[in-house]
Each structure stands twice: as C-alpha cells, then as structure tokens.
Amino acid sequence: MKRINWQIWTGFVLSLVAAFSYPFVFVTWSTTREFPWANLVLFAIAFVFLFFGLRRAFKPEKRIVSKIFSSLAAAFGVLLLAALLFMIFVMGSWLPPSTGAPQVGQKAPEFTLTDSNDRPVTLAQLLTEPVNNKPPRGVLLIFYRGYW
Amino acid sequence: MRGVEKNLDKFIEAGIRVVGISVDTTEKTRLHMIEQAGYTFTFLSDPKLETIRRYDLVHAKELASGADIARPAEFLIDPSGTVRWRMVTGNFFKHALPEQLLEATKTLP
C-alpha cells in the first residue's frame with residue numbers, strides 16, 4: 001500500500017505557518033518583530049521535517065513523482081524563509097529620507113488636527129492642557145501607518 | 001504602540017501626554033483603535049497629510065497599502081514646543097520601545 005510522505009507534508013505546512021505567523025501574529029510584539037526569532041524557530045522545525053521527508057522520497061524504491069514533489073516542497077520552504085527575511089530586513093528599510101523632520105532642539109511645527117471626538121486640537125493645546133491634574137511635562141507624538 | 005498603551009500609566013505619571021497621528025479618519029480610528037483594540041490615549045486624524053507633510057514624514061505610495069501614509073516616527077516635545085528626543089526609524093519593523101521612550105522623558109525639564 002502506498003503511504004503518504006507525512007514528513008514532507010508536515011514540513012510544507014509548518015513552513016507556511018512559519019512565514020505567515022509573522023504578519024498575522026508575531027509582528028504585534030516588538031521582541032518578535034524587530035528580529036523574527038520566533039519565526040526562525042518555526043522554520044528550523046519545518047526544515048527538520050522537510051529534510052527527513054526528502055531523505056525518504058529519495059530512497060531508490062520511491063517514484064520519481066515523489067522525488068519531484070518533495071524537492072519542490074523543500075524549495076518552497078526555503079523560498080518562504082528568504083521572502084520573510086527580505087521583507088523585514090530589506091523592504092523594511094524602504095522608507096523615504098525625511099531629512100526635513102524636526103531635529104532635537106528645533107521647534108516642533110504647530111498643527112491643528114481632529115481628535116476621535118471630531119474636535120479640533122492644536123499642538124499648543126496638547127502642550128498646556130493638564131495631564132494627571134498638572135501642567136504636562138511633555139507631549140509624545142507617535143506617527144504611525146494607520147490601521148491595517 | 002501596544003507597548004506604549006500597556007505602560008500608559010507610567011507616561012501619565014511622568015506628565016507625558018501620548019498622541020497618535022495617522023492618515024486614518026476619525027471614524028476608522030474610533031472603530032479600530034479605540035473600540036476594537038482598546039487604545040485609550042489621544043488620536044489625531046490627518047487624512048490630507050497636512051501635518052505629516054509639515055513634519056516631512058510622508059511615505060508616498062507605501063507598498064502594502066498603495067496609499068500615501070505616515071512613516072513611523074516618535075517625537076518627545078517639551079512644554080515650550082521644542083523637540084527633546086526623536087526617533088525617525090530606518091526600518092519599518094523597528095519602532096521606539098516604551099522603555100526607550102520612558103527613559104527619554106527624563107531629558108525633559
């Protein structure tokens with residue numbers, strides 16, 4: 001009876017999990033976002049399965065189809081890892097130069113924007129309205145990409 | 001941002017007002033950031049990128065969204081309006097950490 005090569009299948013599915021858990025899960029926390037060690041661990045486990053799956057497929061009695069399929073599955077896993085690393089370390093740095101962004105010691109440009117209650121708010125207001133019932137010691141502006 | 005929200009009491013205790021700025025409309029921010037994600041600090045909407053442009057933080061035609069958005073950056077401003085600390089990241093996946101920001105608040109008068 002023909003048995004399925006479960007090692008290859010497990011390795012294949014695990015490498016998908018290893019890659020896609022980054023944008024959907026591990027990107028959330030700075031410890032797993034800045035360096036994707038959690039994903040690298042998952043990839044390492046996936047590659048162990050792929051390795052044993054490949055070894056099994058390349059036994060002389062196995063059909064050529066399983067040799068081709070398992071090679072493709074292993075190559076796909078490596079490709080996913082390369083794509084993840086490329087996205088984080090290469091594409092992540094594709095940011096505009098921002099040479100005109102205010103420097104330390106410079107005045108922060110004044111602005112008026114709308115808050116989530118649809119009220120206009122100025123930087124001057126943010127700098128004077130009390131925090132914790134005291135005049136604020138400062139304002140932390142966080143510019144972010146917006147909701148995904 | 002999640003890290004900042006988690007440590008928000010420490011920022012408030014240090015007298016720091018935390019403000020998030022993005023291109024998102026007020027409705028989108030209310031729905032996703034406040035109601036769903038549970039953020040409690042101030043959010044400001046800059047859908048026309050007026051302030052984002054004034055701060056030179058426009059990321060034109062960003063790859064994932066295809067839209068003009070703000071690149072990630074953090075500024076700590078003292079009550080006189082002077083920038084005391086900033087991080088304009090060189091990598092999209094690397095932002096200022098709450099510990100770093102709290103440390104930076106010590107540079108304020």
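- Heavy atoms of E62(B) lying under 4.5 Å from chain A belong exclusively to its side chain.
- Contact record, P79(B) with P136(A): CG-O, 3.4 Å, taken as the closest heavy-atom pair.
- For K10(B), the NZ atom sits in a loose shell: 12 or fewer heavy atoms of surrounding residues, nucleotides or ligands are nearer than 6.0 Å.
- L44(B) touches chain A through backbone and side chain together, each having a heavy atom under 4.5 Å away.
- In this structure, E13(B) CD and R137(A) CZ are separated by 11.0 Å, a value rounded to the nearest 0.5 Å.
- Looking at N91(B), both its backbone and its side chain come within 4.5 Å of chain A, counting heavy atoms on both sides.
- Of the residues considered (G100(A), G92(A), S116(A)), G92(A) shows the highest number of contacts with chain B, using heavy-atom pairs under 4.5 Å.
- Listed options A64(B), G81(B), P72(B), P47(B) were ranked by heavy-atom pairs under 4.5 angstrom with chain A; first place goes to G81(B).
- Neither the backbone nor the side chain of K134(A) comes within less than 4.5 Å of any heavy atom of chain B.
- Using a 4.5 Å cut-off on side-chain heavy atoms (C-beta onward), D118(A) and R30(B) make contact.
- Transitive grouping of hydrophobic side chains (ILVMFWY, heavy atoms separated by less than 4.5 Å) brings L80(A) and F24(A) into a common cluster.
- Using a 4.5 Å cut-off between heavy atoms, I69(B) contacts chain A through its side chain alone, with no backbone atom that close.
- Residue contact with chain A, scored on non-hydrogen atoms closer than 4.5 Å, involves the backbone and the side chain of T89(B) alike.
- In the hydrophobic cluster analysis, where Ile, Leu, Val, Met, Phe, Trp and Tyr join through side-chain heavy atoms closer than 4.5 angstrom, L85(A) is grouped together with F47(A).
- Between F93(B) and the options Y22(A), F35(A), F89(A), a ring pair (Phe, Tyr, Trp, His ring centres under 6.0 Å) holds for only Y22(A).
- In this structure, R33(A) and H95(B) have side chains that are in contact, with non-hydrogen atoms separated by less than 4.5 Å.
- Both the backbone and the side chain of E129(A) have a heavy atom closer than 4.5 Å to some heavy atom of chain B.
- Ranked by heavy-atom pairs under 4.5 Å with chain B, the first of A101(A), S93(A), P130(A), P109(A) is P109(A).
- Among V121(A), L95(A), D115(A), the residue making the largest number of heavy-atom pairs under 4.5 Å with chain B is L95(A).
- Applying side chain to side chain contact (heavy atoms under 4.5 Å, CB included) to V88(B) and the options P102(A), S98(A), P97(A) leaves one that passes, S98(A).
- Atoms CZ and CG, on R17(B) and L127(A) in that order, are 8.5 Å from each other to the nearest 0.5 Å.
- Rounding to the nearest 0.5 Å gives a distance of 6.5 Å between OG of S30(A) and CD of E99(B).
- In this structure, chain A has heavy atoms under 4.5 Å from both the backbone and the side chain of A14(B).
- Heavy-atom pairs under 4.5 Å with chain B were tallied for T28(A), T112(A), N133(A), L123(A); the largest tally goes to T28(A).
- No other option in G146(A), P96(A), A124(A), G105(A) has as many heavy-atom pairs under 4.5 Å with chain B as P96(A).
- With contacts defined as side-chain heavy-atom distances shorter than 4.5 Å, the pair L141(A)/Y55(B) qualifies.
- Contact annotation for L31(B): neither backbone nor side-chain heavy atoms come within less than 4.5 Å of a heavy atom of chain A.
- Taking CH2 of W85(B) as the reference point, atom CG of L140(A) lies at 8.0 Å (rounded to 0.5 Å).
- Going from atom NZ of K107(A) over to atom CG of D78(B) covers 7.0 Å, rounded to the nearest 0.5 Å.
- Using a 30° and 60° split on the angle between ring planes, H32(B) and Y147(A) fall in the parallel class, below 30°.
- In this structure the side chain of D56(B) reaches within 4.5 angstrom of the side chain of T99(A), judged on heavy atoms.
- With a 4.5 angstrom heavy-atom cutoff, P109(B) touches chain A only via backbone atoms.
- Counting heavy-atom pairs closer than 4.5 Å to chain A, the top-ranked of the candidates S22(B), A67(B), A60(B) is S22(B).
- For P135(A), no part sits under 4.5 Å from any heavy atom of chain B, backbone or side chain.
- Heavy-atom distances place the backbone of Q106(A), and not its side chain, under 4.5 Å from chain B.
- Counting only distance, with no hydrogens or angles, the side chain of R145(A) and the backbone of F92(B) share no donor-acceptor pair below 3.5 Å.
- Proximity to chain A (any heavy atom under 4.5 Å) is restricted, for M1(B), to the side chain, taken from C-beta onward.
- Contact of L126(A) with chain B is made through backbone and side chain together, with heavy-atom distances under 4.5 Å.
- Nearest heavy atom pair, residue A108(A) against residue V83(B), reads CB-CG2, 4.0 Å.
- Linking Ile, Leu, Val, Met, Phe, Trp and Tyr residues whenever their side-chain heavy atoms come within less than 4.5 Å places F76(A) and L42(A) in a single cluster.
- The cluster map of Ile, Leu, Val, Met, Phe, Trp and Tyr, joined by side-chain heavy atoms under 4.5 Å apart, puts W9(A) and L16(A) in the same cluster.
- Annotation: side chain of F143(A) is in contact with side chain of F75(B) (closest heavy-atom distance under 4.5 Å).
- The closest side-chain heavy-atom distance from D46(B) to F111(A) is not below 4.5 Å.
- Of the listed residues I34(B), T26(B), V58(B), the one with more heavy-atom pairs under 4.5 angstrom with chain A than any other is T26(B).
- Interface remark: M91(A) contributes side-chain atoms only to the contact with chain B (heavy atom separation under 4.5 Å).
- How far CZ of F43(B) is from CG of N117(A): 12.5 Å, rounded to the nearest 0.5 Å.
- For V139(A), the parts sitting under 4.5 Å from any heavy atom of chain B are the backbone and the side chain alike.
- Residues W29(A) and F20(A) share a hydrophobic cluster, clusters being chains of Ile/Leu/Val/Met/Phe/Trp/Tyr side chains in contact below 4.5 Å.
- K28(B) touches chain A through its side chain: at least one heavy atom from C-beta onward sits under 4.5 Å away, while N, CA, C and O do not.
- Using a 4.5 Å cut-off between heavy atoms, R71(B) touches chain A through backbone and side chain atoms alike.
- Listed options L101(B), V23(B), D24(B), T105(B) were ranked by heavy-atom pairs under 4.5 angstrom with chain A; first place goes to D24(B).
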